[in-house]
Amino acid sequence: MKFIVSSSELLKHLATISGVIANNPIVPILENFLLQLDETNLTITASDMQTVMITEAQVESSDKGSIAVPAKLLMETLRSLPEQPVTITIDEDTFGTEIVTANGRFKLAGENPMDFPRAPEVNRNFSIELDSDVLGTAISNTIFATSTDDLRPAMTGVFVQLDSDHTTFVATDGHRLIRYRREDVKSDNATNMILPRKALTLLKSSLPSETLPVKAEFSNSNAFFSFGNIKMICRLIDERFPDYENVIPQNNPNHMKIGRAELLSTLKRISIYSNKTTHQIRLKVDNNNLEISAEDLDYSNEANEKLGCEYNGEPIEIGFNAKFLVEMLSNLNTDNLTLEMSQPNRAGLIIPEDKADNEDMLMLVMPVMLNSYS
Amino acid sequence: MDAFFASVEQRDNPELRGKPVAVGGSAQRGVVAAASYEARKFGVKSALPSVTAKRHCPNLIFVKPRFDQYKRVSNQIREIFAEYTPLIEPLSLDEAYLDVTENLKGIETATEIARQIRQKVKEQTQLTASAGVSFNKFLAKTASDVNKPDGMFVIKPHQAQAFVEKLEVRRFFGIGKVTAEKMVKLGIFTGKELREKSLEYLVNHFGKAGQYYYEICRGEDHRQVNPERIRKSVGVENTFKTDYNEPDDLYRELDIILEELQKRLQRSKAYGKTVTLKIKYQDFEQITRSRTSQLLIMDQNTIGHMAYELLNALLPLNKGVRLMGVTLSNLEFADEIEGRQLTLDF
């Protein structure tokens with residue numbers, strides 16, 4: 001079989017899905033792209049067994065056939081070529097693959113396409129449709145708070161709860177928790193699932209810059225996403241997500257309203273002076289004054305800044321991991337926010353003041369213990 | 001150390017030597033903290049109300065305790081211990097477990113180490129100490145009482161069985177007066193009878209401690225000598241000058257106790273989860289009531305609230321109260337918890 005394609009066009013397609021390919025795949029065949037040619041339609045598949053991404057490219061050809069090609073070699077070759085049409089010829093008996101360019105020829109050993117694992121059967125229970133920018137926002141609002149601890153697999157993904165009047169996206173690493181809710185995404189089938197972090201990261205980066213409808217379909221064990229010429233199939237995390245509603249405090253009486261940008265830049269400065277392992281900073285709030293301080297006893301470094309705020313509550317001194325706060329505030333899109341606290345060893349809540357009508361955002365962060373004895 | 005507080009007083013004040021001495025308050029409601037051996041002959045012992053002690057021994061001399069001085073002597077003896085092993089687990093100011101399995105001086109036998117330590121203690125403090133030598137904590141502690149004062153007792157592995165069998169239950173370390181009485185009622189007088197009871201029987205009658213009794217009567221004790229044995233509670237209790245019947249008096253006393261507790265917590269830099277209120281009524285009936293918070297209690301007010309709630313639950317009083325105390329336990333210490341990232345409770 002043989003096809004002609006623009007080198008940069010093909011590279012673009014490969015790059016969109018190549019993130020799926022693991023560095024050390026369980027089976028060597030997964031180091032390849034699966035190319036399936038049906039005349040002018042070239043379907044390219046990458047897989048790590050958990051996640052499969054498929055893209056379709058238009059090529060010049062009248063052949064049919066398929067081949068598995070080493071992903072790294074193919075991409076490096078295309079990347080190093082100046083933009084030009086390339087002719088790719090495959091010997092389906094030996095799986096030898098030849099790329100002919102303007103000035104030369106590159107021969108690489110392909111593999112039997114029949115060895116490439118099939119994507120999970122599409123056994124869809126139901127589907128929803130949402131805009132790509134909504135999906136992108138939901139992913140970037142939550143994914144940073146997922147856990148990397150494989151001992152708690154449920155927390156390594158984003159929990160998605162579909163309901164008839166809204167959809168809730170929840171992520172937690174046990175120290176903080178994000179609950180992002182959209183009222184413009186709903187499903188008559190109330191259900192929930194945990195989408196793995198890797199699939200969501202790939203999905204997010206392959207979403208187009210322009211808004212496009214995304215079709216999401218779900219079965220008991222897999223989720224299917226399709227938009228434009230891209231499809232993704234990922235295995236759901238088959239675990240029970242922790243009962244997150246239970247840990248969200250209902251009554252945090254101490255409310256501090258403050259400007260987000262101002263707080264964020266102070267946190268960034270002060271955290272330079274915090275302990276390098278705990279990133280511990282101290283928030284002292286009283287009488288519309290917030291004092292943020294940090295010290296690194298190992299180096300005798302210390303810093304503090306004072307900020308104005310609107311405070312309603314008992315004077316409080318509470319410690320947090322500055323990295324967590326910085327990451328959370330950076331993911332908020334609001335001028336002002338409220339930090340709701342109760343006790344120095346209980347969860348604090350961050351609630352943005354500005355939000356779209358159809359969204360709701362709650363961030364929870366557990367404190368770092370302070371020594372309150374002097 | 002033998003009759004520690006009393007011996008220190010007798011050492012520092014020659015006039016007290018050879019006389020019955022009690023360290024503690026002589027006042028109407030004081031108690032004996034320590035009694036010299038001369039006083040012990042009259043049945044004066046620690047925790048005895050001073051008034052009763054005086055009745056037992058009319059010539060008893062009361063001396064006010066000087067804790068700073070005891071602390072100094074305590075440090076002196078601990079320095080001696082430290083020459084032999086880093087594995088020292090203090091039980092109190094004047095008592096400690098030493099694991100000398102691998103000792104710093106390479107001395108072959110524990111008996112020899114005990115001999116040297118007792119000799120050095122005598123030279124450096126002019127006070128006598130007693131030692132128990134054995135292959136676990138329970139037996140060593142029990143052995144230390146056998147030849148008190150100024151004595152030593154060794155229990156070798158092959159002797160353990162016979163020793164424990166003959167031991168009266170009230171002599172077992174970890175079996176107090178109340179438990180011993182209960183055992184006697186159940187026909188358990190010595191280690192021999194205790195051994196005959198099944199683990200199930202002991203757990204049924206004595207709860208969690210049953211497991212411990214089951215082991216110690218077999219001479220078994222697998223606890224390590226723990227050099228970092230940390231304090232388990234911080235508490236304050238006061239015996240009132242007169243018995244109180246009115247809640248307002250108790251509230252006022254409770255505030256005083258809470259304030260002192262706060263000072264002690266500050267000193268030990270401790271936080272806790274469990275608040276226990278102890279009340280002793282005029283007829284010496286004693287009760288304790290406690291509440292445990294799920295999270296470490298971070299502010300003093302909460303300790304106060306919890307103590308008040310515990311007290312209120314005991315009102316109205318139907319008899320006078322002579323003593324009240326508040327203890328915080330389930331402790332964690334500021335230096336351990338500082339910088340700890342808290343986790344959601346999933």
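For clarity, every value in this text was computed on a predicted model and none was experimentally measured. In the text below, chain A, chain B and the rest are named by the order of the sequence lines, each starting its count at 1.
At most 12 non-hydrogen atoms from other residues, nucleotides or ligands lie less than 6.0 angstrom from CG of A/Asp238. Remark: B/Gln224 CD is loosely packed, at most 12 non-hydrogen atoms of other residues, nucleotides or ligands lying under 6.0 Å away. Heavy-atom neighbours of A/Lys355 NZ from other residues, nucleotides or ligands within 6.0 Å: above the threshold of 12. By the 6.0 Å contact criterion, OH on A/Tyr273 is open, its count of non-hydrogen atoms from other residues, nucleotides or ligands being 12 or less. For B/Lys241, the NZ atom counts as loosely surrounded, since its 6.0 Å shell holds 12 or fewer non-hydrogen atoms of other residues, nucleotides or ligands. Within a 6.0 Å sphere centred on CD of A/Glu314, other residues, nucleotides and ligands contribute 12 heavy atoms or fewer. By the neighbour-count criterion of 12 heavy atoms within 6.0 Å, atom CD of B/Glu309 is densely surrounded, having more than that number from other residues, nucleotides or ligands. Within a 6.0 Å sphere centred on CG of A/Asn333, heavy atoms belonging to other residues, nucleotides or ligands number 12 at most.
Contacts of B/Glu332 with chain A are absent, with no heavy-atom separation under 4.5 Å from either backbone or side chain. Both the backbone and the side chain of A/Asn345 come within contact range of chain B, with heavy atoms under 4.5 Å apart. Proximity to chain B is limited to the backbone of A/Arg176, based on heavy atoms less than 4.5 angstrom apart. With a 4.5 angstrom heavy-atom cutoff, A/Arg240 does not touch chain B via any of its atoms. For A/Phe320, no part lies near chain B; criterion is any non-hydrogen pair under 4.5 Å.
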Problem set entry | Derivation of the side-chain contact (heavy atoms from CB on, under 4.5 Å) call for B/Thr343 and A/His175 | CA-CA 5 Å; B/Thr343 304; A/His175 302 311; 3.6 Å; yes
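Separating the CG atom in B/Leu344 from the CG atom in A/Asn246 is a distance of 11.0 Å, to the nearest 0.5 Å.
Highest contact tally toward chain A, considering only B/Leu296, B/Leu342, B/Ile297, is held by B/Leu342 [criterion: heavy-atom pairs under 4.5 Å]. Among B/Arg340, B/Met298, B/Gln341, B/Glu338, the residue with the largest count of heavy-atom pairs under 4.5 Å with chain A is B/Gln341. The residue among A/Asp173, A/Leu370, A/Thr277, A/Val365 with the most heavy atom pairs within less than 4.5 Å of chain B is A/Leu370.
Considering all non-hydrogen atoms of both residues, A/Asn371 and B/Lys269 come closest at ND2-CD, 4.4 Å.
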